Amino acid sequence: MTAQHVNAAQPIVTRFAPSPTGHLHVGGARTAMLCWAFAQNMKRQGFDGRFMIRIEDTDQARSSDESAKGILDDLAWLGITWDDGPTLTTPAGATIGGDSRNVGPYFQARRIDIYNAYLEHLVRCGRAYPAFETSDQLNADRKAAEAKKQTYKYPRPSDVQLGIFNEQRWARAKSGEPHVIRFVMPPTGITVTDLVLGEVKFAAGEVDDFVIRKQDGFPTYHFAVVIDDELMGVTHVMRAQEHLINTPKHVALQGALTRLKNDRDATSGSNGQPFRVPQYAHMPLIFNIDGTKMSKRDKAKAARKALKDLLTKDKTLTADAIASDLKLDAKLLADFIAAENDSLDIAQAVAAKFNIPLPEIEVWDYRKSGYLPHAITNFLSLLGWSPGLKDEQGKDIEKFDLSFLSQHFSIDRLGKTAAKFDRVKLLSFNADAIAALADDAFDRELTNWANQWEPTFAQRLKHIDGQRRAALMRACKPRCKTLRDAVKVMDFALTRDDQVAFDPAAVAKANLFAGATGHTSVTKFRAMLTELPAAGTFEPTSIDAWIKSYAETNQLKMGDVAQPIRVALTGTTVSPPLGDVVSVLGISGSLTRLDRCLSTCRTLAPASA
RNA sequence: GGCCCCGUCGUCUAGCGGCUAGGACGCAACCCUUUCAAGGUUGAGGUGCGGGUUCGAUUCCCGCCGGGGUCACCA
């Protein structure tokens, strides 16, 4: 971003304007993050850069306060804060947001009188008019056009003319006749200047007279956006490329609008100051790895597929039985299976019941799966943007934090091509982020995560403390690509010493029956442990060294010694190195496990091999 | 279908007329190794096609093809 795009005297304002109809989508997170990065970068350059959030809740049916709160919360979790917008108090007690520029409120539903004032002004200037067709009529017309393979465009009524106030229509509207308000699209072509895509031209007549106020009295997105961006001083509109096609509408609106002396009163009249056209930057879209659009419906698809497989495989299951079991409406579930609906609630209920993994689409999903915010923001910032910098070895720099992003972000380096969301690479980033954590930081992250998402695991983890806990973190951290991985990786340590379940296949493989090599190894190992000083004062490496020397002296393969011990200690053939395992379990815990294994496995038959 | 955007390894990308087209994830092989991870080394893998412009095109122009977005009283 160069200085030519900005005016040093005015604040430079970007905004993220989510509609609160669900969780924060990863695509939305990226948009918000890059808007934030731009504003931050401006600050670093000495400008008054500001990142603003506005909640676009003009869809009365779908919006909810919980969604708005959830989106704000996800943003804060990612480490993205806003200068202007709804306030949020973080778990740490900090307050984000506020209205220091005095341009709020930041919920559009609370700005209706403003929209109405500008709407009325536009109508009086002959730039907008009430229209009385019903949705049904319009839909029928659209269908008819489609049947004739024609593109439908709303035909401007013959009594409507640009610049002429239509008193008859206004009177009908005033008398209470249901209507929408449409904008009189000017007869000129429109060129959108985009900081990413360059000049994009739209010919005259391409855009029809679109609706700016719905029948319910709420403004449409197009209208509210233009009014708010002007009144809130937004200078840089950065959004996803799917909005590019909307931009000529916004530009046309900006061309027709001037500021009112009083924003809430049409009769105050215009002060003659035209609306600004902000700088636009349309960012590339984000897709699934298969090229389909990333959408919440992917969850329904995944659940449906798994459920169908289940039903064909297990004939004792029926859809109706499942429905009553899950307290779902049988008809709705049947529709769901038949792909007649994509209910997220049903998908989640079914997934929870049958342990079906649902694709992660929203930031919330990734939180739940045990991703670190740092890994997500790092990965996301590489989708459609790159710093274009090399490290000392001449390799591309691609591991960085939000601070680096804000330092190096520029719109110039935004790409034009859509990016596919590669979950495998994200996972790799997350594994690296976890690996980079100090052991005690890992402990904190894991504990916080577990408290929120896996209370049972959190409860079990609580019983381990002190040196044993430190050993557990040290041993398991490199084996976790997500925090959730710890649930499995740490399982061996969280089971009571007298309740270890010895996996029969592992036992057989380890030759643990009396007289076999494994049994002997474990017995000797036990004897060695009893000679060790008090718990916690031994070096894990000394345990490993003993195993090695024992194997050498007895001319055994390491696997013949270590695996039986591993099974005896953990019940399975997979665990961290045995020195670490003993550190975690402690001497007495280890002895309990070894004894129990020795006695329960001695009578087992050898493997049938 | 109309309009609009896009086109470098499988994926994310570097490149802004001259490079053996670089990196990362993934993949393969090898090394390390008591299991599982991790780590190390090496390797395979790309400029969609056709025309121009130019001494020279990944890069500039045109066409084609391919992909995508959008065509709501959703945002």
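Predicted model only: the values in this text are computed from it and were never measured. Quick note on labels: first sequence line is chain A, next is B, and so on, each numbered from 1.
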Applying a 4.0 Å non-hydrogen cut-off, can you work out what [X] is touching in the nucleic acid: base, sugar-phosphate, or nothing?
X: A:Glu206; answer: sugar-phosphate
X: A:Gly384; answer: sugar-phosphate
X: A:Arg413; answer: sugar-phosphate
X: A:Gln215; answer: base
X: A:Thr417; answer: sugar-phosphate
X: A:Gln60; answer: nothing
X: A:Leu578; answer: base
X: A:Ser135; answer: base
X: A:Lys201; answer: sugar-phosphate
X: A:Pro576; answer: base
X: A:Val561; answer: nothing
X: A:Lys557; answer: nothing
X: A:Asn139; answer: nothing
X: A:Pro284; answer: nothing

> Do any side-chain nitrogens or oxygens of A:Lys420 fall under 4.0 Å of OP1 or OP2 in B:rG67?
Replying inline: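 For A:Lys420, the contact criterion (side-chain N or O under 4.0 Å from OP1 or OP2 of B:rG67) is not met.
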
>> With a 4.0 Å cutoff (strictly under), does any side-chain N or O of A:Lys481 reach OP1 or OP2 of B:rA38?
In response: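 Looking at the OP1 and OP2 atoms of B:rA38, one of them is under 4.0 Å from a side-chain N or O of A:Lys481.
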
>> Does the plane of the ring in A:Tyr366 sit parallel, tilted or perpendicular to the ring in A:Phe421? Use 30° and 60° as the thresholds.
In response: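 Judged by the thresholds at 30° and 60°, the geometry between A:Tyr366 and A:Phe421 is tilted.
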
Paired with [N] by Watson-Crick or G-U wobble geometry, both distances under 3.5 Å: which nucleotide is it?
N: B:rG2; answer: B:rU70
N: B:rC25; answer: B:rG10
N: B:rC36; answer: none
N: B:rC60; answer: B:rG52

> Between B:rA72 atom C1' and A:Arg142 atom CZ, what is the distance in whole Å?
Replying inline: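 Going from CZ in A:Arg142 over to C1' in B:rA72 covers 6 Å.
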
> Rounded to the nearest Å, what distance is computed from the CG atom of residue A:Asp194 to the C1' atom of nucleotide B:rG69?
Replying inline: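 A:Asp194 atom CG is separated from B:rG69 atom C1' by 14 Å.
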
>> Do the side chains of A:Asp208 and A:Arg182 get close enough for a salt bridge, i.e. N-O under 4.0 angstrom?
In response: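 No.
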
> Any donor-acceptor pair under 3.5 Å linking the side chain of A:Lys214 with the backbone of A:Thr58?
Replying inline: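 Yes: the side chain of A:Lys214 pairs with the backbone of A:Thr58.
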
> With no hydrogens and no angle check, is any side-chain donor or acceptor of A:Asn430 less than 3.5 Å from a backbone partner on A:Lys481?
Replying inline: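 Present.
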
> Ignoring hydrogens and angles, are the base of B:rC6 and the side chain of A:Lys416 linked by a donor-acceptor pair under 3.5 Å?
Replying inline: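 Check fails, no donor-acceptor contact within cut-off.
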
> Which atoms form the tightest heavy-atom contact between A:Val196 and A:Gly415, and what is the distance?
Replying inline: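 Shortest heavy-atom contact: CG1-O, 3.6 Å.
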
> Of all the nucleotides listed (B:rA14, B:rC73, B:rA75), which has the minimum atom distance to the side chain of A:Arg182?
Replying inline: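 Of the candidates, B:rC73 comes closest.
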
>> Among B:rA75, B:rC25, B:rU34, which nucleotide has an atom closest to any side-chain atom of A:Thr220?
In response: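 Per side-chain heavy atoms of A:Thr220, the pick is B:rA75.
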
> Do the side chains of A:Val192 and A:Phe202 get nearer than 4.5 Å, heavy atoms only?
Replying inline: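 Yes, side chains in contact.
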
> When the nearest nucleotide of RNA chain B is assigned to A:Tyr152 and to A:Ala419 on a heavy-atom basis, which residue is associated with the more 5' position?
Replying inline: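 The residue mapped nearer the 5' terminus is A:Ala419.
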
